[in-house]
*Asks:* 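Following this message is one structure expressed as structure tokens.
Letters A, B, ... mirror the listed sequences (proteins, then strands); counts begin at 1. Keep in mind the model is a prediction, meaning the values are calculated, not measured.
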There are 2 protein chains.
Amino acid sequence: MGIRAQQKERTRRALLDAAFNQLSAERSISNLSLREVAREAGIAPTSFYRHFKDMEELGLTMVDEGGLTLRQLMRKGRQRAEEGGSVIRASIETFMEFIDSNPNVFRLLLRERSGTSAAFRAAVTREIRHFIDELSDYLQAKTGRRPDLAYAQSEALVTLVFSSGAEALDLNKKERQALAERLIVQLKMIAKGSEALQRSGREPELENLPK
Amino acid sequence: MGIRAQQKERTRRALLDAAFNQLSAERSISNLSLREVAREAGIAPTSFYRHFKDMEELGLTMVDEGGLTLRQLMRKGRQRAEEGGSVIRASIETFMEFIDSNPNVFRLLLRERSGTSAAFRAAVTREIRHFIDELSDYLQAKTGRRPDLAYAQSEALVTLVFSSGAEALDLNKKERQALAERLIVQLKMIAKGSEALQRSGREPELENLPK
DNA sequence: TCTTTGAGCGTACATCTGTGCGCTATTTTG
DNA sequence: CAAAATAGCGCACAGATGTACGCTCAAAGA
């Protein structure tokens, strides 16, 4: 790669880093300003356009990166659990560690999932879907769950874990503990219920899985 | 009430209505502008301060109103189901009708739940908690569920329904149908699982999660 | 009746925003 | 080595925003 392209890449990275860095509990993508991001990245506002067409384009890149980070982490967590122990438990732990060490990345996904940009919402939804799919495959392979049930179950699991993560952000250690215990109970409910439905045969047929 | 107070109330209402009116899929509370709201309400920007200290105060009022609306609706839905039919099914239907006819109020709650203002987040969380509590009481009374299980179950139900509602916003009729069917399956899982846990009698053991 | 109150207005200002334009300096290309 | 491409810059501008200040004038209160 040429010297030119290298430098450009470095600046692009600086922009992304600056943007990530400005995220916080009280600051979301939608109220980052191009000028401020450029300032922190050490370039002139107008130079921003050499790298992104828009703040929206910058944001989409951030969503993609954040989603990728989380997904890779979770995959690792699942592998780690592969040898011994419950996968679900390991996944929760991994997820909670992620939230704890990258709260702003998590907030990013959380917020843009219901944000004002359709493109962002779609991007986050896509990330979460990857997520559900991987867990669903895993459940099918590991517990022989019927595909439709596996998907519904995975979706419910992910939804609850995600939601708990969101709530955890504003809680102290002790409250988090109570939240985590409740979450475990809820996931257990789903596991038991799914098992029961699977056993009860093919009564509830679910054909319409999303593509 | 004096003529003066009446007029003041009317203007205040106009501000709130204008604000609600400007909410949409691509516009959230945090990017409403004081000036624009005042404009639509038909008053000068500076007159805004006669009614609210802040846009934040306006927003909090909106969250409270929105939460109240939803809660009243759900209570009615539950009553309606009281005579005949599953409560859960009736609640879902009521909820989905709400989303369909007040999408922006729902979006308001959805967004501010993870928004950039701690006060907003707390307000929405409080609304949802009311919600869970009412459902939990109902489940205890109706199915004799143990309090802790009833709460965990209610929380899970509300989380899943809320989340489905959020997803439904971006879907067409057919996709919504599939989503609703999946949601029913998930709620069934929880119901069955909760029942099983109640039967098994003891405190939930963390070690028994399926692999 | 006279006085006090306060909702609403218009003006004004400082601040911030995104972005168009043209220039420079350096790398890349031919 | 000359020419083309381009990352980055400074300047400039138009528009929007929140809000301070002081006024008016109708209602409320004495």
Side-chain angles (χ1 to χ4, degrees), chain A residues 1-24 26-63 111-112 115-120, chain B residues 1-24 26-63 111-112 115-120:
Chain A
M1 178 154 57
I3 274 201
R4 195 88 176 229
Q6 262 177 44
Q7 176 53 29
K8 177 161 187 182
E9 182 53 30
R10 234 189 289 135
T11 304
R12 183 188 145 98
R13 211 35 279 155
L15 282 170
L16 284 165
D17 290 345
F20 273 116
N21 204 40
Q22 294 186 6
L23 293 180
S24 72
E26 36 283 310
R27 209 106 197 284
S28 74
I29 283 197
S30 65
N31 42 40
L32 294 187
S33 102
L34 183 153
R35 285 179 106 104
E36 237 179 305
V37 169
R39 202 176 306 139
E40 177 164 340
I43 65 171
T46 48
S47 298
F48 178 93
Y49 299 103
R50 303 287 184 194
H51 303 272
F52 300 96
K53 164 181 161 294
D54 241 4
M55 280 299 287
E56 168 127 356
E57 198 175 284
L58 198 244
L60 275 179
T61 309
M62 292 171 76
V63 171
R111 283 176 175 152
E112 301 314 323
T116 53
S117 152
F120 283 24
Chain B
M1 180 156 54
I3 274 199
R4 195 86 176 229
Q6 263 178 42
Q7 176 55 29
K8 176 160 188 182
E9 182 52 32
R10 234 187 290 138
T11 304
R12 184 188 145 97
R13 211 36 279 155
L15 282 170
L16 285 165
D17 290 346
F20 271 116
N21 204 40
Q22 294 187 5
L23 293 180
S24 72
E26 38 282 309
R27 207 104 199 286
S28 74
I29 283 198
S30 65
N31 42 39
L32 293 188
S33 103
L34 183 152
R35 285 178 104 103
E36 235 178 308
V37 169
R39 202 176 307 137
E40 177 163 341
I43 65 171
T46 47
S47 299
F48 178 94
Y49 298 103
R50 302 287 184 192
H51 302 272
F52 300 97
K53 166 179 161 293
D54 242 4
M55 279 300 285
E56 167 126 355
E57 199 175 282
L58 198 242
L60 275 179
T61 308
M62 292 172 76
V63 171
R111 283 175 176 154
E112 300 314 322
T116 53
S117 154
F120 282 25

*Asks:* Measure CZ/B:Phe48 against P/D:dG18 and give the value in whole Å, please.
*Replies:*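 My rounded result for the distance is 9 Å.
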*Asks:* Could a donor-acceptor pair under 3.5 angstrom be found where the side chain of B:Arg50 meets the base of C:dG6?
*Replies:* no
*Asks:* Is there a donor and acceptor pair, one atom on the side chain of A:Arg4 and one on the base of D:dT6, closer than 3.5 Å?
*Replies:* yes
*Asks:* Just how far, in rounded Å, is P of D:dT6 from NE2 of A:His51?
*Replies:*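 Between P of D:dT6 and NE2 of A:His51: 13 Å.
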*Asks:* Taking atom types as they are modelled, would you say the side chain of A:Thr46 forms a donor-acceptor pair with the base of D:dG8 within the 3.5 Å cutoff?
*Replies:* no
*Asks:* Distances for protein N/O vs nucleotides 13-17 of chain C N/O pairs under 3.5 angstrom?
*Replies:*
residue, atom, partner, partner atom, Å
C:dT17, OP1, A:Ser33, OG, 3.0

*Asks:* Counting only side-chain nitrogens and oxygens, does B:Gln7 get under 4.0 Å of the OP1 or OP2 atom of C:dG6?
*Replies:* no
*Asks:* Taking only side-chain nitrogens and oxygens of B:Ser47, does any of them come within less than 4.0 Å of OP1 or OP2 of C:dA7?
*Replies:*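 It does not, given that no N or O in the side chain of B:Ser47 lies less than 4.0 Å from OP1 or OP2 of C:dA7.
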*Asks:* Using OP1 and OP2 only, check whether a side-chain N or O of A:Gln6 sits under 4.0 Å from C:dT27.
*Replies:* no
*Asks:* Closest heavy-atom contact between A:Glu36 and A:Gln22?
*Replies:*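 What the structure gives for the nearest pair is O-NE2, 3.3 Å.
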*Asks:* Is a donor on one side and an acceptor on the other found under 3.5 Å between the side chain of A:Arg111 and the backbone of B:Gly115?
*Replies:* yes
*Asks:* Please round to the nearest 0.5 Å and tell me the distance separating atom CE of B:Met55 and atom CG of B:Leu60.
*Replies:*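 Result: 11.5 Å between the selected atoms.
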*Asks:* Measure the distance from NZ on B:Lys8 to P on D:dA28 and round it to the nearest whole Å.
*Replies:*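 B:Lys8 atom NZ is separated from D:dA28 atom P by 13 Å.
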*Asks:* What nucleotide, of C:dT28, C:dT19, D:dT19, holds the atom closest to the side chain of A:Tyr49?
*Replies:* C:dT19
*Asks:* Between atom CE in B:Met55 and atom P in D:dG18, what is the gap in whole Å?
*Replies:* 7 Å
*Asks:* Rounding to an integer number of Å, can you tell me how far B:Met1 CE sits from D:dA28 P?
*Replies:* 11 Å
*Asks:* I'd like to know if the side chain of A:Arg12 reaches the main chain of A:Leu16, judged simply by a donor and an acceptor atom lying under 3.5 Å from each other, with no hydrogens or angles considered.
*Replies:* no
*Asks:* Once you round to the nearest 0.5 Å, how far does OG1 of B:Thr116 lie from CG of A:Leu23?
*Replies:*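 Nearest 0.5 Å value for the OG1-CG distance: 11.5 Å.
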*Asks:* Starting at CG of A:Leu15 and ending at P of C:dG18, how long is that distance when rounded to a whole Å?
*Replies:*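 So the two atoms are 13 Å apart, to the nearest Å.
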*Asks:* Would a 4.5 Å heavy-atom cut-off, applied to side chains only, mark A:Leu34 and A:Tyr49 as touching?
*Replies:* yes
*Asks:* Starting at atom CD1 of A:Ile43, determine the distance to atom C1' of C:dT19, rounded to an integer number of angstrom.
*Replies:*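 Going from CD1 in A:Ile43 over to C1' in C:dT19 covers 14 Å.
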*Asks:* Checking the side chain of A:Arg27 only, and the main-chain atoms of A:Asn31 only, is there a donor and an acceptor separated by less than 3.5 Å?
*Replies:* yes
*Asks:* In whole Å, I'd like the distance from the NZ atom of A:Lys53 to the P atom of C:dG18.
*Replies:*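 The distance from NZ of A:Lys53 to P of C:dG18 comes to 14 Å, rounded to the nearest Å.
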